[in-house]
Amino acid sequence: MNGGRPRVAVVGAGAAGLMAAIAAAQAGAEVLLLERTADGGRKILISGGGRCNILPARPDETRFVTESSPHTLRNILRSWPHREQVAFFERDLGLPLVEEAESGKLFPATNRARDVRDGLLRLAGERGARFVPRALVTDLAPHGGGWRLALAGAAPLDADRVIVATGGLSVAEAGSDGAGLAILGRLGHAIHPTYPALTPLTAEPHPFGELSGVSLRVAITARDAGREARAEGGFLFTHRGYSGPAVLDVSHVPVRCRAEGRRDATLTVRWAPLDDAGWEAALRPEGTRTVAGALRRELPERLADALSAKAGVDPATPLAQLRREDRIRLVAMLVRGELPWTGDEGYKKAEVTGGGVSLAEVDPRTLGSRRQRGLFICGEALDAFGPIGGYNFLWAWATGRAAGLGAARNP
Ligand SMILES: Cc1cc2nc3c(=O)[nH]c(=O)nc-3n(C[C@H](O)[C@H](O)[C@H](O)COP(=O)(O)OP(=O)(O)OC[C@H]3O[C@@H](n4cnc5c(N)ncnc54)[C@H](O)[C@@H]3O)c2cc1C
């Protein structure tokens, strides 16, 4: 303690660590913010295509994925209500937020992720936190009632409390490589197996290789023996397979299936808003209209032809000559077409890491470890992630703030 002020070391200056440092310093702690890269917050910089989707406009808590208790997850999220998070960015950071109407995502009005990263770093400094770049923490150990932090190439540091905000394993070049999780594991925390989430899927051979670059809105369901995920939204054919928000949102089902040594996860796609009855009506004979003509009203041209061919129906067939069994096969393909997949793009392209420290290992109010006194955990290192749309920052902000306040106020 320094004159009654706890010395709090925050490990990792990503979204969660920056928020933790701001909250802890504001609550009166003496804060050191240790970051392995030269500047921190690199995922904020690359987020939302460089625009930073700070938050969802209307979050739906049920869309988070965890192996831990969803009830605990909700309690943690509710510790910092969404409207207060919005107010924080607009008032404390001076960054008005604007909703992108078609996606329900909130972005800074400046559309610059850099403003978010730099604003958080600046506010942490203004509230008294000391930022230490190029500081790689290699280990943590209880020491004299507090903590000793081992640093690569530098003398160890002592602190009364430590907040671990080191992220997961995705996009390692942005700074987080899972080393923090390994340290937490060594300190006795139960860790759910990690996996890449929100990652593109691959198909080898590619059944729709010629469609690379085609995008549209779809509804997609991924299912295996024990899991199911559904999403509606953008879908993109890539050189190697499939991407876009809807694919990313359900990707954890095939990823986990494969990690468990199985291949039985299926992807089914409704390619247009029409259901069975809608397509039956759309495929009714009408003048000289062909199958291609009917499909192209609802779908991108090349996809319309490819789906028709996959269903074994010549797109040039006049609707008046479409046989009943062909129509049934075609409608099934359009409404619940199975999309072959063989793999995924892994952590290299994953926007987040699934799994992580079980939520049962922390006190949901303070995010203090139940295993180690004076140790707090936040952000992606915890076992939760949300869909595309600002949910993962929502989690980082809420858990970062809770851990910062927890460390400043609780032993
Ligand atoms: C391309 C991309 C786009 C994204 N876009 C969005 C978006 O628009 N909206 C959204 O909500 N989410 C988005 N995400 C997800 C979001 O970026 C993460 O969920 C969020 O950054 C997690 O925050 P974190 O602080 O827990 O971890 P991180 O942001 O990964 O931060 C961890 C920090 O700890 C540092 N660190 C790690 N280990 C050590 C160590 N041993 N010693 C010292 N420092 C260490 C790292 O360098 C890093 O700065 C995106 C992710 C990616 C990859």
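Only a predicted model underlies this, so the values are computations on that prediction, with no experimental measurement involved. Just the heavy atoms: all of them, side chains too, but no hydrogens, waters or symmetry mates, feed the values below. Remember, it's 1-based here, ligands and their atoms both numbered in the order they're listed.
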Hey, which atoms in ligand 1 end up nearer than 4.0 Å to a heavy atom of Gly12?
33 (C), 34 (O), 35 (C), 44 (N)
Numbered atoms and elements of ligand 1 in range of Leu136, under 4.0 angstrom, heavy atoms:
40 (C), 41 (N), 42 (N)
Between Trp147 and Phe376, is a ring pair (Phe, Tyr, Trp, His ring centres under 6.0 Å) present by the stated rule, with each step listed?
CA-CA 12 Å; Trp147 287 87; Phe376 299 77; 9.8 Å; no
Could you find the nearest protein heavy atom to atom 18 (C) of ligand 1 and give me its residue, atom name and distance?
Glu380 OE1, 3.4 Å
Do Lys43 and Ser176 have side-chain atoms, one donor and one acceptor, less than 3.5 Å apart?
yes
CA sep, side-chain torsions, deciding dist, call: Arg42, Glu173, salt bridge (Lys or Arg N to Asp or Glu O under 4.0 Å)
CA-CA 9 Å; Arg42 292 192 176 181; Glu173 60 270 26; over 6 Å; no
Yes or no on salt bridge (Lys or Arg N to Asp or Glu O under 4.0 Å) for Asp224 and Arg256, after CA distance, side-chain angles and deciding distance?
CA-CA 10 Å; Asp224 74 1; Arg256 298 185 73 187; over 6 Å; no
Which bit of Ala16 is near ligand 1, meaning a heavy atom under 4.0 Å away: side chain, backbone, both or neither?
both
From Asn53, Ile388, Leu106 - option closest to atom 9 (N) of ligand 1 by heavy atom
Asn53
Taking a cutoff of less than 4.0 Å between a non-hydrogen atom of the residue and any ligand atom, is Arg42 in contact with ligand 1?
no
For Ala15, the ligand 1 atoms whose distance to one of its heavy atoms is below 4.0 Å
23 (O), 25 (O), 29 (O)
Can you tell me the protein heavy atom closest to atom 43 (C) of ligand 1 and the distance?
Ala135 O, 3.3 Å
At less than 4.0 angstrom from any non-hydrogen atom of Ser47, what atoms of ligand 1 do you find?
3 (C), 4 (C), 5 (N), 6 (C), 7 (C), 8 (O)
Around atom 8 (O) of ligand 1, find the nearest protein heavy atom and jot down its residue, atom name and distance.
Gly48 N, 3.0 Å
Proximal candidate to atom 39 (C) of ligand 1 [heavy atom criterion; set Asp139, Leu55, Thr166]
Thr166
When distances are taken from atom 51 (C) of ligand 1, the protein heavy atom at minimum range is Glu351 O, 3.2 Å
Quick one, Phe88 and Met19 - any side-chain contact, counting heavy atoms below 4.5 Å?
yes
Need the ligand 1 atom indices (1-based, order shown) with element for anything under 4.0 Å from a heavy-atom of Gly379.
26 (O)
Among all the protein's non-hydrogen atoms, which is closest to atom 36 (N) of ligand 1, and how far away is it?
Arg36 CD, 3.8 Å
Nearest-contact summary for atom 49 (O) of ligand 1 - protein heavy atom, Å:
Glu35 OE1, 2.7 Å
Specify side chain, backbone, both or neither for Val171, according to which of its non-hydrogen atoms lie closer than 4.0 Å to ligand 1.
side chain
Evaluate salt bridge (Lys or Arg N to Asp or Glu O under 4.0 Å) for Arg302 paired with Glu210, printing each intermediate quantity in order.
CA-CA 9 Å; Arg302 282 153 65 202; Glu210 74 283 7; over 6 Å; no
Around atom 11 (O) of ligand 1, find the nearest protein heavy atom and jot down its residue, atom name and distance.
Phe393 N, 2.8 Å
Quiz question: by atom type and distance under 3.5 Å, do the side chains of Glu380 and Thr353 form a donor-acceptor pair?
yes
Atom indices of ligand 1, in the order listed, that fall short of 4.0 Å to a heavy atom of Thr37:
47 (O)
Distance filter under 4.0 Å to Tyr391 heavy atoms, resulting ligand 1 atoms
11 (O)
Do we see a donor-acceptor contact under 3.5 Å between the side chains of Asp344 and Thr199?
no
Pairs of donor and acceptor atoms involving the side chains of residues 129-143, under 3.5 Å and at least two apart or interchain, shall be tabulated with distances.
unit_1, atom_1, unit_2, atom_2, d
Thr138, OG1, Ala150, O, 3.3
Asp139, OD1, Arg186, NH2, 3.3
His143, NE2, Arg148, NH2, 3.2

Distance-only check: which donor-acceptor pairs under 3.5 Å involve side-chain atoms of residues 22-30, not counting sequence neighbours?
unit_1, atom_1, unit_2, atom_2, d
Gln26, OE1, Arg127, NE, 2.9
Gln26, OE1, Arg127, NH1, 3.4
Glu30, OE1, Asn2, ND2, 2.4

Look at ligand 1 and say whether Gly390 reaches it with a heavy atom at a distance under 4.0 Å.
yes
Measure centre to centre between the rings of Phe237 and Trp271, then say whether the value is under 6.0 Å.
yes
closest protein heavy atom to atom 31 (O) of ligand 1 is Gly14 CA, 3.3 Å
I need the Leu106 CG to Glu100 CD distance, nearest 0.5 Å.
10.0 Å
Under 4.0 Å, heavy-atom basis, I'd like to know which part of Val11 is in contact with ligand 1: side chain, backbone, both or neither.
side chain
Assess the side chains of Asp383 and Thr66: does a donor N or O sit below 3.5 Å from an acceptor N or O?
yes
Please identify which atoms of ligand 1 are closer than 4.0 Å to at least one heavy atom of Ala165.
32 (C), 33 (C), 34 (O)
